[in-house]
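Proteins come first, then strands; the chains are lettered A, B, ... in the order of their sequence lines, and each starts at number 1. Hydrogens, waters and symmetry mates play no part in the numbers below; they use all other heavy atoms, side chains included.
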2 protein chains.
Amino acid sequence: MATNTKERILDAAEELFADRGFPSTSMRDITQGADANIAAVNYHFGSKEALLLAVLKRRIEPVNQARVARLDELESSAGDQPISTEELVRTFLTPVFETWQEHGGAAPKYMKLLGRIHAEVDQDLRTKFIQETGAVLERFATAFERGLPALDASEVRWRVLFLVGSMAYTMTWGTALLEVGDQARRDSEQVLETLIQYTTAGMTVPSTASVVAADREAR
Amino acid sequence: MATNTKERILDAAEELFADRGFPSTSMRDITQGADANIAAVNYHFGSKEALLLAVLKRRIEPVNQARVARLDELESSAGDQPISTEELVRTFLTPVFETWQEHGGAAPKYMKLLGRIHAEVDQDLRTKFIQETGAVLERFATAFERGLPALDASEVRWRVLFLVGSMAYTMTWGTALLEVGDQARRDSEQVLETLIQYTTAGMTVPSTASVVAADREAR
DNA sequence: GTATGATTTAAATGGACGTTTCAATAAGAG
DNA sequence: CTCTTATTGAAACGTCCATTTAAATCATAC
């Protein structure tokens, strides 16, 4: 357990938010889990909502920084060549799974938290979260467009939505699959690779319009 | 507005649960939205949780019945031939988007609700929800296996997880994309087709193991 | 030592929560 | 009509909530 109260609160809140969700976790749950006084959250963070933002920021910021840093690297070394779709997918997905590894356990709590946050928080709170990630997503969407000139901007963005959905859902519930040790067991590195292959195939499939047209032709 | 209280409560609860989530919606919100007395929910449903289950059941049951009915049909007409992956994807995804259409509006509330429920409710509640859908998922997973003999059971189930993730995320947030009318606009029929093509490509990609092996070979 | 600011503590605040009670009303059967 | 059951209404129940207060304790500097 962390030595200072502020970090103990962050740790406890992260675990509880991940397990039960934000609205269902009480300040009393958090401070009890952190072995702190009930007033400590408001003293250190100001409010319950500000605590959630702090919890999220601690995890998301490094992930998004890693994503953007690697994308910068890729783009500068590629010159005016488009970056391959698989590399983009890999660059986007890897950082979040790396932190999964770093935190040791088979099912770190904050993965579930990140997955949860995609569906749970109210519009206002989600907006704050999205601002952090939205700009990153838009950068990747633009990079995808360059490598997929047959697709219009709209289709690329829908596919990015599918990508994020698979990722978030895997973060939330994949840990359960990893844990139960049933027929779906496989370690997180392999899951990441499976997700990358799956997503790359989806991203690079011919445009819906062209598939529909070909289908019409065949009749 | 529905004439009888029970249905008015279901309608109001569906909308509120979809917009704010289950824990953040109060009985007072619901009964006020349904123009009913605060005691009406407990009288008609027994508890707030039982109301949520009723709300979910009303929407999920027909969707899952349609999925299974069409799968039965496909399997009986296919004899001992495996069903094509695209057809399976289409059969799984179409019913939920059809009800999207049926309910007219561009962004029916219960789509958001269904998406939400994948991440929000606590473990117990989710278990009840999953029992409804889990058996259906397993039937589809088995059918996918037959058409994808190169994949082991584990990889098929991970890919099904990705599929469900894209679907749930699209249900939750796709409506927002549809609504805002930005560059990602496209009608729900086209979104479904885009998702089907994307997912089919992901499901049919060579196994991760073989890709990794080929990659090693190439070095 | 004393003084100063940061942190922790225990207690209380007012409000919102899900649920229950029980009387009032409505609906349908004989 | 009367009797019976189903539904609604207003009010209250006890509990838990996030937050605030103000005193107590700790840490550090002088």
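Whole-Å rounding puts the Lys6(B) NZ to dT7(D) P distance at 8 Å. Taking atom CG on Asp29(B) and atom P on dT19(C), their separation rounds to 14 Å, with Å as the unit. Here the P atom of nucleotide dC13(D) and the CE atom of Met27(B) are 19 Å apart, to the nearest Å. Rounded to an integer number of Å, the gap from CD1 of Ile9(A) to P of dT7(C) is 11 Å. Lys48(B) has its NZ atom 15 Å from the P atom of dT20(C), to the nearest Å. One atom, CZ of Phe45(A), and another, P of dT20(D), lie 16 Å apart when rounded to the nearest Å. Rounded to whole angstrom, the span from the CG atom of Asn4(A) across to the C1' atom of dA6(C) amounts to 13 Å.
Among residues at least two apart or in separate chains, side-chain hydrogen bond (donor to acceptor under 3.5 Å, both in side chains) pairs with a member in residues 29-39 of chain A are Arg20(A)-Asp29(A), Ser26(A)-Asp29(A). Applying the side-chain hydrogen bond (donor to acceptor under 3.5 Å, both in side chains) rule to pairs touching residues 84-97 of chain A yields Glu86(A)-Arg90(A), Arg90(A)-Glu193(A), sequence neighbours excluded.
With sequence neighbours excluded, the residues that form a side chain to side chain contact (heavy atoms under 4.5 Å, CB included) with Arg139(B) are Val68(B), Leu71(B), Asp72(B), Glu75(B). By the side chain to side chain contact (heavy atoms under 4.5 Å, CB included) test, Glu73(B) pairs with no residue at all, sequence neighbours left out. Listed by chain and residue number, Ala201(B), Val205(B) satisfy the side chain to side chain contact (heavy atoms under 4.5 Å, CB included) test with Ala201(A) (two or more places apart in sequence, or in another chain).
Contacts with DNA chain C (heavy atom under 4.0 Å) in residues 31-44 of chain B: Ile38(B), Ala39(B), Asn42(B), listed by number.
Not a single donor-acceptor pair under 3.5 Å links the side chain of Glu155(B) to the backbone N or O of Thr194(A).
OP1 or OP2 of dT8(C) sits under 4.0 Å from a side-chain N or O of Thr5(A). A close approach under 4.0 Å does occur between a side-chain nitrogen or oxygen of Ser26(A) and OP1 or OP2 of dC17(D).
Remark: Lys6(B) qualifies as a cation-pi partner of Phe45(B) under the 6.0 Å distance and 45° angle criteria applied to the six-membered ring.
Within 4.0 Å of Thr25(A), counting heavy atoms only, lie sugar-phosphate atoms of the nucleic acid but no base atom.
With hydrogens and angles ignored, a donor-acceptor pair closer than 3.5 Å exists between the side chain of Arg28(A) and the base of dA18(D).
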